[in-house]
Peer 1: 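Here's a structure for you.
Given the structure is predicted, the values throughout are model-derived calculations rather than measurements. Only heavy atoms go into these numbers, but all of them, side chains included; no hydrogens, no water, no symmetry mates. So that the names make sense, note that chain A is the first sequence line, chain B the second, and so on, each numbered from 1.
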Protein chains: 2
Amino acid sequence: MTRSPIWKSIVTELEGDIARGHYAPGDKLPTEAELSRRFGVNRHTARRALADMAERDVVHARRGAGVFVKAAPFDYPIGERVRFSQNARASGRTPEKRTLRLETRPCDATEAKALALSEGSPVLVYEGLSLAGGTAIAHFFSVFPEPRLPGLRQAIEAHGTVTEALRAVGVPDYTRAQTRLTAEAATPVQALHLTMREGQPLLRSESVNHGPDGTPVEYGLTWFAGDRVTLTISATEAGGRHAPDTSTP
Amino acid sequence: MTRSPIWKSIVTELEGDIARGHYAPGDKLPTEAELSRRFGVNRHTARRALADMAERDVVHARRGAGVFVKAAPFDYPIGERVRFSQNARASGRTPEKRTLRLETRPCDATEAKALALSEGSPVLVYEGLSLAGGTAIAHFFSVFPEPRLPGLRQAIEAHGTVTEALRAVGVPDYTRAQTRLTAEAATPVQALHLTMREGQPLLRSESVNHGPDGTPVEYGLTWFAGDRVTLTISATEAGGRHAPDTSTP
DNA sequence: AAGCATTTGTTCGTATGTATG
DNA sequence: CCATACATACGAACAAATGCT
């Protein structure tokens, strides 16, 4: 009968600390050197424990930076109605938007087609970042038909959220008409904004939202950080909300 | 009045060749050197033409490899019912599956939970590649509850498609209960199977399919090549049952 | 912008205990 | 008892990425 190895007991100790909130998701664990001192073992033995935890996606290491507790991925249900702020609050995080651009300019061919406009019509471009609980989740790029939605720009500046801004200019509700999803590599600028490395996988969503009367009100592109977001589609999308599974054995 | 530049005429010539099928999606264009000889121009002029086409996403260049015609992304509608073979045929490509693994083994904790089994129950594992028109589109990994579906293994070996195999063992229809989507980087083995580079973005889908009586019949993971597939979700999916697509025999 | 300290990642080598045959 | 294989643990040095000044 073999005794259980030291590194396993280190794993259970550390995971216990995480479970009882001593180290929160996103937090940096002590360095390997510190751990090896704390447990009185060689650095390799501490590494072995961390490697095991990394294998099971409990933590992840960044060379030169440290070992971090994996953040539970942000669950983003997409159905007919998708509201970022609602989703964020539902998972207990503070939603936030950071505006990168808010301007009016003539639309290009793709945008014209999606919004059923003639090419060159003025559109409001709203580009920015969506944050949840302080960390950047997605990079969005939305285009609105300016003539159909007078005052939207001021409404967005005032309210921050798209849902409220649209309501303020007379669109009480909007639904997702069509969505196209692909995976893409992060460009250098996106990597900078989302604090990830260039080339890391992004989940790209291209969608058109319609108003209650069926006219398109938004053409939007969103790039979600692949390691931070899971889009969920439920068959009973209207129905019940699943409780998030946060169990860590 | 300036004459139209030479490179533009090269662009129209090449795009004509592509349009009339002389170069198919995914094909490698002649090298810059060959093009410059063929058109009797300097290599930089040919480069200018290729750069313009790359800008408009008609082709893409891979250093050291060549310039390739961009593959038209494979449109993959996901709704309640998702049938790969149907989707492939609808876009005019021959569907094909390549089996990497077909075996029975005890299930792990995740699989047990998804399929409502007790941990360690025997499950049928079906892993392979989905090809459309000869090119690999996705890497799939499916798990079926063996005890509930006796004879499924032979049915899969015989029929090739999951839909037909399930029908053969008494599951006339199945619907997608829940789907979770993320973007991930391709592992070295996946990159090999999908003929892409390691780390390239994949669209990962995790889903559970239910039989008509509501019991789970399949827990499946699929990794779609990001540059070759677009998942589409249309708003009009919830309502009526879609008639089977008979547009292409 | 360049340099420096910090931190993880990798690769040598060494030693020990345990199961196998 | 010996040979072998394997996992565990420790030590030292260097490489590479990161963050800070």
Peer 1: Quick one: closest heavy-atom pair of B/S130 and B/F140, and the distance?
Peer 2: OG-CD2, 3.5 Å
Peer 1: Just wondering, are more than 12 heavy atoms of other shown residues or ligands nearer than 6.0 Å to NE2 in A/H60?
Peer 2: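 Yes, NE2 of A/H60 has more than 12 neighbouring heavy atoms, counting only those of other groups under 6.0 Å.
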Peer 1: Looking at A/D75 and B/R180, does any basic side-chain N land under 4.0 Å from a carboxylate oxygen?
Peer 2: yes
Peer 1: Rounding to a whole Å, what distance do you find between A/E32:CD and D/dG11:P?
Peer 2: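 Distance check: A/E32 CD to D/dG11 P gives 15 Å.
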Peer 1: How long is the line joining CE of A/M196 and C1' of D/dT18, in whole Å?
Peer 2: 17 Å
Peer 1: Does CD in A/E55 sit with more than 12 non-hydrogen atoms of other residues, nucleotides or ligands closer than 6.0 Å?
Peer 2: no
Peer 1: As a test of reading the structure: which of D/dC10, C/dT8, D/dA9 is closest to the side chain of A/V41, going by heavy atoms?
Peer 2: D/dC10
Peer 1: Return the value, rounded to whole Å, for the distance between atom CZ of A/R63 and atom C1' of D/dG19.
Peer 2: 15 Å
Peer 1: Using atom NE2 of A/H60 as one end and atom P of C/dT8 as the other, report the distance to the nearest whole Å.
Peer 2: 13 Å
Peer 1: What's the NZ-P distance between A/K8 and D/dA7, to the nearest Å?
Peer 2: 13 Å
Peer 1: Between A/R38 and A/E34, does at least one N-O distance fall below 4.0 Å, as a salt bridge requires?
Peer 2: no
Peer 1: Could you state the atom-to-atom distance from NZ of A/K28 to P of C/dT6 in whole Å?
Peer 2: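 Taking atom P of C/dT6 as the reference, NZ of A/K28 is at 12 Å.
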Peer 1: Near B/R105 CZ, under 6.0 Å, is it more than 12 heavy atoms from other residues, nucleotides or ligands?
Peer 2: yes
Peer 1: Given atom CD1 of A/I10 and atom C1' of D/dC10, what is their separation to the nearest angstrom?
Peer 2: 13 Å
Peer 1: Five pairs at each end of the helix from C/dA2-D/dT21 to C/dG21-D/dC2: take the axis at both ends and give me the angle between them to 10°.
Peer 2: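 Comparing the first five pairs with the last five, the axes sit 10° apart.
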Peer 1: Counting only heavy atoms from other residues, nucleotides and ligands, does the tally under 6.0 Å from NZ of A/K28 exceed 12?
Peer 2: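 Enclosed: over 12 neighbouring heavy atoms sit under 6.0 Å from NZ of A/K28.
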Peer 1: Using a cut-off of strictly less than 4.0 Å between a heavy atom of the residue and any atom of DNA chain C, enumerate the qualifying residues of residues 42-52 of chain A by number.
Peer 2: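 The answer is A/R43, A/H44, A/R47.
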Peer 1: Can A/R48 and A/D52 be counted as an ion pair, charged N to O under 4.0 angstrom?
Peer 2: no
Peer 1: Without decimals, in angstroms, what is the distance between A/L35 CG and C/dG9 C1'?
Peer 2: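 After rounding, the gap between these two atoms is 16 Å.
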Peer 1: List in chain and number order the residues that pass salt bridge (Lys or Arg N to Asp or Glu O under 4.0 Å) with A/E146, two or more places apart in sequence or in another chain; answer none if no residue qualifies.
Peer 2: none
